[in-house]
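Remarks on the structure that follows.
Numbered from 1 within each chain, the chains take letters A, B, ... in sequence-line order.
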Number of protein chains: 2
Amino acid sequence: MIELRHLRYFIAVAEEGHVTRASERLGIAQPPLSQQIKALEEAVGTPLFIRHPRGVSLTDAGTRFLEGARATMATLEETLDATRRTARGEQGRLAVGFTSSVAFHAIVPASISRYRRLYPQVSLALEESITADLMDALFAGRLDIAFARLPPEIPPHVRLEPLLDEEMLVALPPSHPLAAGGPEEPIELLRLAEETFILYRRPSGPGLYDTIIAACRSAGFSPRIGQEAPRMLATLSLVASGLGVSIIPASMRRIDPGGIAYRRVAGAPGLVAPLYLIYQPDTLSGATRRLIEVVREELPGLAGH
Amino acid sequence: MIELRHLRYFIAVAEEGHVTRASERLGIAQPPLSQQIKALEEAVGTPLFIRHPRGVSLTDAGTRFLEGARATMATLEETLDATRRTARGEQGRLAVGFTSSVAFHAIVPASISRYRRLYPQVSLALEESITADLMDALFAGRLDIAFARLPPEIPPHVRLEPLLDEEMLVALPPSHPLAAGGPEEPIELLRLAEETFILYRRPSGPGLYDTIIAACRSAGFSPRIGQEAPRMLATLSLVASGLGVSIIPASMRRIDPGGIAYRRVAGAPGLVAPLYLIYQPDTLSGATRRLIEVVREELPGLAGH
DNA sequence: AAAATCCATATGTTTTGAGTATGAAGTATG
DNA sequence: CATACTTCATACTCAAAACATATGGATTTT
């Protein structure tokens, strides 16, 4: 069976044109080198060297073999390089998922664009889905990592790394009396007791919906639910149309489907929208590790926003 | 040190996704396979497999390595193929030399064109030179094989394989009285005793020149030499101009610089032009061997022409 | 809960690659 | 022309490493 040792030895002998000199270069004695060359010729099935009284030279077949042996070694070297770069996360593919709601938070675009700049040789695949689908994809390996709110169910071997707890804001129709104050002036949650709430409810499981209900309860009232919208954007459209108020993560403020007023909330300490980085810590690819690093480095500059 | 064994084992495990099954496929036990995989991962410097309770799967780095490992093996396989084809003489390069005088003999173009047809993947380099240069080139390895008349000096390790002895013809000017008979009707050499001879003389060494002188001597006269031309074609031009007669190998009959009459020669048994195939038998390339075969096969149909 | 699956580790055996000594063939040199 | 030298090949020994057998640990299946 031909081994790389044979190729290394062959190349040395071919380059030196001299078995003894090649053996010195290889750091072995001359006889084993002669033996290995002989074994190689036997495996190939044809002489590769012409033995002269003063050194050796390549046969035609040997010349062709030298070319191929070098190509083989070069292919392997490249492979090792690329493999190590991939392991270090400097090369390869990375599939990142996120929900539509977190995509508006600055940490997501900031991390991804910095990652792109730092590791341009990693080809990024971005996917926006609902949390449940992200978790499935993560578990099945179609996704390496995801940004999301608290998922309904956590598959085994999946880690939720809490990134930050985002403040939540009240979204008021422009005509609403409470919309008058400045955006930084908080509203007591209890003052919304008589309002109709438009809430985004994800299919199955807890999440922001429950957080909001719980916050209202502990503020002393049970919110009247007017409509449950399937998408965050739809929720805000309904608010803009004056059908009710809503409570949304602060980063969603950027969406403005027509004159919505956003106000901070006072007296509701648990009313936050957590943001998690989600991945399988046991089977981290290098590229994934690098993204986690980047996200953690971006965090201090953005936390709380 | 990474060896091909590692690549072969790695590919098997990657393809099976299963160490035990791969070990069966490879015909070895499972523990050594685990060890070799571990050694490979250590050499590469990064894990290539993720160990699951029910088999193994590739890491990102492993996926990249699989690609490269396959490419490496493929490169080697191609190399072995090409090397063996080269050894068999089905591929590669072949440098063939010949003198201007033998190029007219049918054996040369016939052999070369048949060789071209049989071994189209061998790229042919044809070179026309004087015999001495051919011998130098042959000895130096710039030429694999040559067609020539008897060379002045034979370098060591060079074999002259006699192909055939070519008849020699008298070349007469068109106006010459002896030119009247049919070409197949031989002339006694002695009848040329009073003629002026135009002879082709190669720089240094014996050859056709001496053969002709010797034949005249044994026919009973010493030829009067009118001029020694440096090239065969020049010789015939001088004959055509009526400056004398000449004696040339039969195959040169094809050259006709204006109405030369060619006649066979009688009573001169030694008056032949030998044609040799010349090569170094100790360092024959496959391609050279094949050409020798082809020439030998062409010989029966052409001998004596 | 027990059995089964599968990879990893531990230990012994065999293969084989490498070292030392020597020979054969050819070349250079006195 | 004989001797010394160079270089590759062969013979034999040793050591490393590849492989086999036995066993353990983790996880899943029955």
By nearest-nucleotide position on DNA chain C, the 5'-leaning member of H157(B) and E3(A) is E3(A)
Rounded to whole Å, CD1 of I50(B) lies from P of dC7(C) at a distance of 14 Å
Inset, instruction - Classify the nucleic acid contact of Q30(B) as base, sugar-phosphate or nothing, counting any heavy atom under 4.0 Å across all strands shown. - result: base
Taken to the nearest whole Å, CD/E24(A) to P/dG19(C) is 12 Å
- With sugar-phosphate meaning primed atoms plus P, OP1 and OP2, does P53(B) contact a base, only sugar-phosphate, or nothing at under 4.0 Å between heavy atoms? sugar-phosphate
Taking dT20(C), dA20(D), dT7(D) as options, the one with an atom nearest any side-chain atom of I28(B) is dA20(D)
To the nearest angstrom, the NZ-P distance between K38(A) and dA18(C) comes to 16 Å
task: Output yes when at least one side-chain N/O atom of R51(B) is less than 4.0 Å from OP1 or OP2 of dC6(C), else no.
output: no
Out of dC8(D), dC7(C), dG19(C), minimum distance to the side chain of S34(A) belongs to dC8(D)
Considering only heavy side-chain atoms of H18(B), the closest of dC7(C), dT27(C), dA18(C) is dC7(C)
Q. Would one find a side-chain N or O of Q35(B) under 4.0 angstrom from OP1 or OP2 of dA8(C)?
A. no
Closest to the side chain of P31(B), out of dA8(C), dG19(C), dA9(D), is dA8(C)
Taken to the nearest whole Å, CD1/I2(B) to P/dA17(D) is 15 Å
In whole angstroms, the gap separating C1' of dC8(D) from CD of E41(A) amounts to 12 Å
SB check E3(A) R8(B) (cutoff 4.0 Å): yes
Can we say R21(A) and E16(A) salt-bridge, meaning some charged N sits less than 4.0 Å from an Asp/Glu carboxylate O?
yes
**side-chain N/O T20(A) vs dT6(D) OP1/OP2, d < 4.0 Å** = no
Sorted by position of nearest nucleotide on DNA chain D, 5' first, the leading residue of R21(A) and A39(B) is R21(A)
Notebook entry, point to check: Quick one: is R5(A) getting a side-chain N or O under 4.0 Å of the dG17(C) phosphate, OP1 or OP2?
Noted result: yes
(request) Evaluate salt bridge (charged side-chain N to carboxylate O under 4.0 Å, His left out) for R142(A) paired with E127(A), printing each intermediate quantity in order. (result) CA-CA 10 Å; R142(A) 295 192 305 276; E127(A) 184 185 326; over 6 Å; no
- Message: For R296(B) and E161(B): C-alpha separation, side-chain torsions, deciding distance, then whether salt bridge (charged side-chain N to carboxylate O under 4.0 Å, His left out) applies.
- Response: CA-CA 10 Å; R296(B) 285 175 186 162; E161(B) 176 170 332; 2.8 Å; yes
Considering only NZ, NE, NH1 and NH2 on the basic side and carboxylate oxygens on the acidic side, decide whether E293(A) and R290(A) come within less than 4.0 Å. yes
Atom CG of D282(B) and atom P of dG26(C) are separated, to the nearest Å, by 10 Å
Under 4.0 Å, heavy atoms only, any strand: does Y9(B) hit a base, just the sugar-phosphate, or nothing? sugar-phosphate
Rounded to whole Å, NE2 of H52(A) lies from C1' of dA24(C) at a distance of 18 Å
I37(B) atom CD1 is separated from dC6(C) atom P, nearest whole Å, by 17 Å
*asked:* What I want to find out is whether D81(B) reaches R85(B) closely enough, with some N-O distance under 4.0 Å, to be called a salt bridge.
replied: yes
Out of dC7(C), dC19(D), dT7(D), minimum distance to the side chain of R54(A) belongs to dT7(D)
